[in-house]
Number of protein chains: 2
Amino acid sequence: MRIGELAERAGTSVKTIRYYDRIGVLRPAERSESGYRLYGVDALDRYRFVRAAQAVGLRLGEIREIIALRDGGETPCGFVVDLIGRRAAELDVRIAELVALRDELRSLDRRARRLDPRRCDPRLVCHVIDGGA
Amino acid sequence: MRIGELAERAGTSVKTIRYYDRIGVLRPAERSESGYRLYGVDALDRYRFVRAAQAVGLRLGEIREIIALRDGGETPCGFVVDLIGRRAAELDVRIAELVALRDELRSLDRRARRLDPRRCDPRLVCHVIDGGA
DNA sequence: CTTGACTCTCCCCTACAGGGGAGGCTTTAG
DNA sequence: CTAAAGCCTCCCCTGTAGGGGAGAGTCAAG
């Protein structure tokens, strides 16, 4: 099948499929004489895998590595497990940062409601946010 | 004072100060005849405000708006309160997404440890991540 | 007077996952 | 045969907060 059909069956855009070819996560089985990308039915499974991997937070560069292992004849499972373990740990850190930031915003918000705008020092731009000056 | 001194006193780079001028969050008081940026001492306070605002998650574009209000003679406090309220709400959403993602990664991780890599179906690339095929 | 440090503007580069469009073939239907 | 639709490559664009470096002008000390 050609790229347009694959894109439609996959529910995505032709641009995306071309992009996946370019970065090496979904290569066409072959090219026609005129240079058209030709895909087998398995391309649809491959596409779904890429999307599933993206959905759990993997980047296309990482997905490419997984696929390269598979295409090199290895089982990428160990690599994948490592990857998702690390990603989960990164997420823990990121979540903690965001929670801290949100809590600070909330307390800033509460504080701001008790402040009088007319007493805002112009040099500080806004006393709600204090540059520690 | 010239840009180099300001950058050093502020503990940042000349590039950053120039960038802040360009986007309008920290303009020099004047220019010398030769075109050098000249800053007053208040530039340091202004710089600290910008950094403090960034630290609570505001973007430079938003900070510029706050500063524009202040320089226009208004007290930007109301605007700032709105902004941080909205930002906090966005963070709530974002945090919830990340927590869900992390939990999914954790459960994927647990599941993966019970799977046998030798039974991994090559068509699916890796059975740890299931494209739903 | 010259050298070295400082400054200026202008332009390209980064990550991420594509989107938009130009200009030019190829294929398919009528 | 012709027109429309599909496909190709190539290049620029998005947002964020600057970083790197070129080429040229400026300022202070020796």
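Chain letters run A, B, ... following the sequence lines, proteins first and then strands; every chain starts at 1.
At least one donor-acceptor pair closer than 3.5 Å links the side chain of A/Arg70 to the backbone N or O of B/Val125. Side chain of A/Arg9 to backbone of A/Leu44: no donor-acceptor contact under 3.5 angstrom is found.
A sub-4.0 Å separation between OP1 or OP2 of C/dT27 and a side-chain N or O of A/Ser34 is present. The shortest distance between the side-chain N/O atoms of A/Arg37 and the OP1/OP2 oxygens of D/dC8 is below 4.0 Å. Between C/dG19 and A/Thr16, a contact under 4.0 Å exists linking OP1 or OP2 to a side-chain N or O.
Between the CD atom of B/Gln54 and the P atom of D/dG18 there is a distance of 5 Å, rounded to whole Å. For B/Asp21 and C/dT9, the CG to P distance is 8 Å, given to the nearest whole Å. The distance from atom OH of A/Tyr19 to atom P of D/dC12 is 17 Å, rounded to the nearest whole Å. Rounded to an integer number of Å, the gap from CD1 of A/Ile17 to C1' of C/dG18 is 12 Å. What separates CD of A/Glu8 from C1' of D/dG6 is a distance of 12 Å, to the nearest Å. Nucleotide D/dG6 holds its P atom 16 Å from the CG atom of A/Leu38, rounded to whole Å. Computed from coordinates, the B/Arg59 CZ to D/dT16 C1' distance equals 9 Å when rounded to whole Å. To the nearest angstrom, P of C/dT28 lies 16 Å from CE of A/Met1.
With C/dG19, D/dA17, C/dA17 as the choices, the nucleotide that has an atom nearest any side-chain atom of A/Ser13 turns out to be C/dG19. Listed nucleotides D/dC27, C/dT28, D/dA17 differ in distance to A/Arg2; the shortest reach to its side chain belongs to C/dT28. The side chain of B/Leu60 sits closest to D/dA17 out of D/dT9, D/dA17, C/dC16. Of the candidate nucleotides C/dG18, D/dA17, D/dC8, C/dG18 has the atom lying nearest to any side-chain atom of A/Arg22. Checked against C/dT9, C/dA17, D/dC8, the side chain of A/Arg31 finds its nearest nucleotide in D/dC8.
Looking at A/Tyr36, its side chain comes within 3.5 Å of the base of D/dG6 through a donor and an acceptor atom.
Residue whose closest nucleotide on DNA chain D sits further toward the 5' end, between B/Arg51 and B/Lys15: B/Arg51. When the nearest nucleotides of DNA chain D are assigned to B/Tyr20 and A/Glu5 by heavy-atom distance, the more 5′-ward of the two goes with A/Glu5.
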Practice task
Report the C-alpha separation of B/Asp109 and A/Arg87 in whole Å, then their side-chain angles, then the decisive distance to 0.1 Å, and conclude whether the salt bridge (charged side-chain N to carboxylate O under 4.0 Å, His left out) test is met.
Solution key: CA-CA 11 Å; B/Asp109 192 42; A/Arg87 187 62 23 93; over 6 Å; no
Exercise for the section: Report the C-alpha distance between B/Val99 and B/Arg102 in whole Å, list the side-chain angles of each, state the deciding distance to 0.1 Å, and finish with yes or no for side chain to side chain contact (heavy atoms under 4.5 Å, CB included). Expected result: CA-CA 5 Å; B/Val99 166; B/Arg102 182 201 53 191; 3.8 Å; yes
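Here A/Ile23 lies out of heavy-atom contact (under 4.0 Å) with every strand.
Ion pair B/Glu97/B/Arg94 flagged as a salt bridge, since at least one NZ, NE, NH1 or NH2 atom sits closer than 4.0 Å to an Asp/Glu carboxylate oxygen.
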